[in-house]
Amino acid sequence: WPKEQASKNPDSPVTFAAFAFANAPDDLAGTVDAVMMIRELHNIMVADPSGALARTVLSEVSALLRPGGVFAVIDHRAPETASAKWSDGANGYVKQSDVIALVEAAGFTLEASSEINANPKDQPTQQDAVWRLPPSLDVPEGNTALREAMIAIGESDRMTLKFRKPS
């Protein structure tokens, strides 16, 4: 991925890096301008319901960022009225309020939110999972009506949040 991004604009001063959590090069600590987490935080949240993994990951993000650096989160947004059990990430959806609380507890400040990735047509119920929608379209084979209904909804409703590491 970093090579692909660099090849798109070889004269750009922007550099890209990608690595698994806990494997960041030591020389990046405190030097990164921005970290983007796109449709991943729900997986981290559900992988360890105690929250320990999420706290570890957010600590690593903070360690990478320079003071004042930006942490952007885009994820599938659960309705705020959804139950805590349903919106724990296992269905792909998490409540925006829970994400904000989690990231702020890690020391970041919410600076802005945007509705650029919002989709008001995505109104999931407690029986739905995000993978019913495009691009996954995980619907029973042969159920053309349901497939068409999911295509009409489009991709999931997503929160887009900008946090900042304190200076």
Side-chain angles (χ1 to χ4, degrees), residues 1-9 12 14 16-24 34-58 60-61 64 70-106 108 110-163:
W1 185 83
K3 289 178 185 174
E4 177 185 337
Q5 297 307 311
S7 71
K8 290 180 180 180
N9 188 355
S12 173
V14 176
F16 294 88
F19 40 81
F21 290 113
N23 290 313
V35 171
M36 296 175 61
M37 189 172 291
I38 302 171
R39 297 187 305 190
E40 183 57 31
L41 194 55
H42 71 273
N43 290 316
I44 293 166
M45 292 170 73
V46 75
D48 179 5
S50 76
L53 177 60
R55 288 188 296 276
T56 297
V57 167
L58 293 173
E60 291 176 7
V61 168
L64 285 171
V70 171
F71 177 44
V73 175
I74 299 171
D75 219 316
H76 311 289
R77 179 170 38 201
E80 288 295 326
T81 56
S83 71
K85 181 170 176 33
W86 181 82
S87 63
D88 68 357
N91 294 298
Y93 291 99
V94 289
K95 293 180 187 178
Q96 184 167 319
S97 61
D98 290 346
V99 170
I100 292 170
L102 178 69
V103 178
E104 286 183 337
F108 292 90
L110 178 65
E111 187 169 274
S113 64
S114 172
E115 293 300 302
I116 193 165
N117 291 304
N119 180 0
K121 291 190 272 182
D122 179 21
Q123 297 290 318
T125 69
Q126 301 283 302
Q127 290 74 43
D128 290 326
V130 74
W131 303 283
R132 76 194 193 290
L133 299 172
S136 299
L137 278 174
D138 186 14
V139 297
E141 193 169 322
N143 192 335
T144 305
L146 181 58
R147 183 179 180 83
E148 289 175 5
M150 296 303 103
I151 290 170
I153 291 171
E155 293 195 25
S156 67
D157 178 43
R158 296 187 203 120
M159 65 187 91
T160 303
L161 306 172
K162 178 183 177 184
F163 296 91

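Values reported hereafter were calculated over all heavy atoms of this structure, with side chains retained and with hydrogens, waters and symmetry mates removed. The model shown is predicted, which means the values in this text are computed figures rather than measured ones.
- Every residue two or more places apart in sequence or in another chain that forms a side-chain hydrogen bond (donor to acceptor under 3.5 Å, both in side chains) with Thr125 is listed here: Gln127, Asp128.
- Put simply, CG on Asn117 and CD1 on Ile74 are 5.0 Å apart, with the number rounded to the nearest 0.5 Å.
- The line from CG of Leu161 to CZ of Arg158 is 13.0 Å long, rounded to the nearest 0.5 Å.
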Please list, one pair per line, the donor and acceptor atoms closer than 3.5 Å that link side chains of residues 87-99 to other protein atoms, with sequence neighbours excluded.
unit_1: Ser87; atom_1: OG; unit_2: Ser83; atom_2: O; d: 2.8
unit_1: Asp88; atom_1: OD1; unit_2: Ala90; atom_2: N; d: 2.9
unit_1: Asn91; atom_1: ND2; unit_2: Trp86; atom_2: O; d: 3.1
unit_1: Tyr93; atom_1: OH; unit_2: Asp122; atom_2: OD1; d: 3.0
unit_1: Tyr93; atom_1: OH; unit_2: Asp122; atom_2: OD2; d: 2.9
unit_1: Tyr93; atom_1: OH; unit_2: Arg132; atom_2: NH1; d: 2.9
unit_1: Lys95; atom_1: NZ; unit_2: Glu80; atom_2: O; d: 3.4
unit_1: Lys95; atom_1: NZ; unit_2: Ala82; atom_2: O; d: 2.6
unit_1: Gln96; atom_1: OE1; unit_2: Arg77; atom_2: NH1; d: 2.8
unit_1: Ser97; atom_1: OG; unit_2: Glu80; atom_2: OE1; d: 2.6
unit_1: Ser97; atom_1: OG; unit_2: Glu80; atom_2: OE2; d: 3.4

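- Partners of Arg147 under the side chain to side chain contact (heavy atoms under 4.5 Å, CB included) rule, at least two apart in sequence or in another chain, are Leu137, Val139, Ile151.
- Arg39 pairs by the salt bridge (charged side-chain N to carboxylate O under 4.0 Å, His left out) definition with Glu155, not counting sequence neighbours.
- Between Leu110 and Ala112, the closest heavy-atom pair is CD1-O, 3.5 Å.
- Scored by the side-chain hydrogen bond (donor to acceptor under 3.5 Å, both in side chains) test, Asn43 finds Glu40 as partners (sequence neighbours excluded).
- With Asp75 contributing its side chain and His42 its backbone, the two residues share a donor-acceptor pair below 3.5 Å.
- In this structure, Glu148 has no side-chain hydrogen bond (donor to acceptor under 3.5 Å, both in side chains) partners at least two apart in sequence or on a different chain.
- For the pair Leu146 and Pro140, the tightest heavy-atom approach, listed with the atom from each and the gap, is CD2-CD, 3.9 Å.
- Residues passing the side chain to side chain contact (heavy atoms under 4.5 Å, CB included) test with Ala52 are Asp48, Ser50, Arg55, sequence neighbours excluded.
- Shown here are the salt bridge (charged side-chain N to carboxylate O under 4.0 Å, His left out) partners of Glu111, two or more places apart in sequence or in another chain: Lys162, Arg164.
- With sequence neighbours left out, the ring-ring contact (aromatic ring centres under 6.0 Å, His included) criterion links Phe163 to no other residue.
- For the atom pair Phe108 CZ and Ile100 CD1, the distance stands at 14.0 Å (nearest 0.5 Å).
- Summarising the geometry of Ala54 relative to Ile44, their closest heavy-atom pair is CA-CG2, 3.6 Å, with the distance given to 0.1 Å.
- For Lys8, the salt bridge (charged side-chain N to carboxylate O under 4.0 Å, His left out) criterion is met by Glu4, not counting sequence neighbours.
- With sequence neighbours excluded, no residue satisfies side-chain hydrogen bond (donor to acceptor under 3.5 Å, both in side chains) with Asn119.
- Listed by chain and number, the residues in a side chain to side chain contact (heavy atoms under 4.5 Å, CB included) with Ala24 are Phe19, Leu64 (sequence neighbours excluded).
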